[in-house]
Peer 1: 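Quick one: the structure is below, and I'll ask about it shortly.
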Amino acid sequence: MQTFDSGGVRIAYLDEGEGEPILLIHGFASNAATNWVDPRWVKTLTEDGRRVIALDNRGHGQSEKLYDPARYGAPEMAEDAIRLLNHLGIDKVDVLGYSMGARIAAFLAIAHPERVRSIVFGGLGINMVRGMVGAGPLAAALEAPRLEDVTNDTARSFRVFAEQTKSDLKALAACMRGPREKVPADKLGALTIPVLVAVGSKDVIGGSGAALAELIPNAQFLEITDRDHMKAVGDARFKQGVLEFLASRP
């Protein structure tokens with residue numbers, strides 16, 4: 001992966017393929033490789049004739065690790081994405097975000113609507129607006145001395161995932177303890193770009209995708225059947241739905 005300076009923070013990214021650009025923003029405790037390369041998203045999109053840009057969010061993957069929670073607000077992380085586009089000289093992109101990446105993508109589109117051609121909110125439904133619960137237990141799980149000390153099932157699953165991705169647990173805990181801005185419903189309702197909301201039918205973390213889509217005038221909803229928050233990421237129906245959405249948007 002390559003790196004660039006984003007307002008004093010070193011951000012790692014990949015840039016592959018040719019054609020219309022699409023920016024991929026991964027979820028919490030993940031990284032570009034785990035979220036997008038390993039599940040074959042990069043391969044799928046480049047073979048569809050697209051230029052794929054995917055960054056490791058601050059505190060994740062190969063990007064710089066920060067330990068001050070105040071530096072992990074989603075609006076600021078959205079600015080990392082914009083600075084990456086500026087660094088690459090890209091004026092306008094399609095955006096695909098998953099989970100935390102969907103929140104970041106929403107703030108990106110709200111703050112810089114002229115830079116976004118279309119947007120896919122993956123793995124995050126109405127909880128984008130209501131806010132995510134359990135940040136404290138998740139942070140505590142990441143700070144626990146041992147996995148065996150974590151008793152909360154959801155928090156434990158994130159700790160297991162963070163260990164699998166060889167993440168910096170201290171940096172992730174800081175991210176989880178950082179600002180937890182809700183995305184304003186009225187701002188989503190003002191979006192004029194095409195939007196696809198794609199959420200697993202068994203996803204209890206992201207909340208109802210259909211309910212989120214109802215808030216956005218130009219939104220379509222794709223239910224990823226029989227998939228939970230973790231397993232929906234690489235689902236073939238999710239990929240096909242995104243390809244069809246991208247092909248149909250103006």
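Here the structure is a predicted model, which is why all the values come from computation and not from measurement.
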Peer 1: Mind checking whether R103 and L124 have side chains closer than 4.5 Å, heavy atoms only?
Peer 2: yes
Peer 1: Does NZ belonging to K187 count more than 12 external heavy atoms closer than 6.0 Å?
Peer 2: no
Peer 1: Pair K231, D226 - check salt bridge (charged side-chain N to carboxylate O under 4.0 Å, His left out), show working.
Peer 2: CA-CA 9 Å; K231 293 181 179 178; D226 297 322; over 6 Å; no
Peer 1: H26 pairs by side chain to side chain contact (heavy atoms under 4.5 Å, CB included) with which of L96, D56, I104, T165?
Peer 2: D56
Peer 1: Under the criterion ring pair (Phe, Tyr, Trp, His ring centres under 6.0 Å), I'd like the reasoning laid out for F161 against H229: C-alpha separation, chi angles, the key distance, then a yes or no.
Peer 2: CA-CA 12 Å; F161 182 61; H229 191 73; 9.4 Å; no
Peer 1: Looking at R249 and E20, does any basic side-chain N land under 4.0 Å from a carboxylate oxygen?
Peer 2: yes
Peer 1: I'd like to know whether CZ of R10 has more than 12 heavy-atom contacts from other residues, nucleotides or ligands below 6.0 angstrom.
Peer 2: yes
Peer 1: Please determine whether a side-chain nitrogen of the Lys or Arg among E16 and R50 lies less than 4.0 Å from a carboxylate oxygen of the Asp or Glu.
Peer 2: no
Peer 1: Taking the basic N atoms (NZ, or NE/NH1/NH2) and the acidic carboxylate oxygens, is any pair closer than 4.0 Å for R51 and D15?
Peer 2: yes
Peer 1: Out of curiosity, N31 CG to W36 CH2, how far, rounded to the nearest 0.5 Å?
Peer 2: 11.5 Å
Peer 1: In the structure I gave you, are the side-chain heavy atoms of V204 and D228 within less than 4.5 Å of one another anywhere?
Peer 2: no
Peer 1: Quick test of your reading of the model: are E143 and R177 salt-bridged, counting only N-O distances below 4.0 Å?
Peer 2: yes
Peer 1: Can you check whether L196 reaches F121 side chain to side chain, under 4.5 Å on heavy atoms?
Peer 2: no
Peer 1: Does this structure show an ion pair linking R156 with D153, if we count only N-O contacts that are shorter than 4.0 Å?
Peer 2: no
Peer 1: Can you confirm whether more than 12 heavy atoms, excluding those of E18, are under 6.0 Å from its CD atom?
Peer 2: no
Peer 1: With side chains defined as the heavy atoms from C-beta onward, is the minimum distance between L147 and D149 less than 4.5 Å?
Peer 2: no
Peer 1: Can Y67 and D168 be counted as having a side-chain donor-acceptor contact under 3.5 angstrom?
Peer 2: yes
Peer 1: Any side-chain heavy atom of R117 within less than 4.5 Å of one from K92?
Peer 2: yes
Peer 1: Report yes if some heavy atom in the side chain of V199 is under 4.5 Å from a heavy atom in the side chain of I224; otherwise report no.
Peer 2: no
Peer 1: May I ask you to test the C175-F28 pair for a side-chain heavy-atom distance under 4.5 Å?
Peer 2: yes
Peer 1: Specify whether W41 and F238 have parallel, tilted or perpendicular ring planes, treating 30° as the upper limit for parallel and 60° as the lower limit for perpendicular.
Peer 2: perpendicular
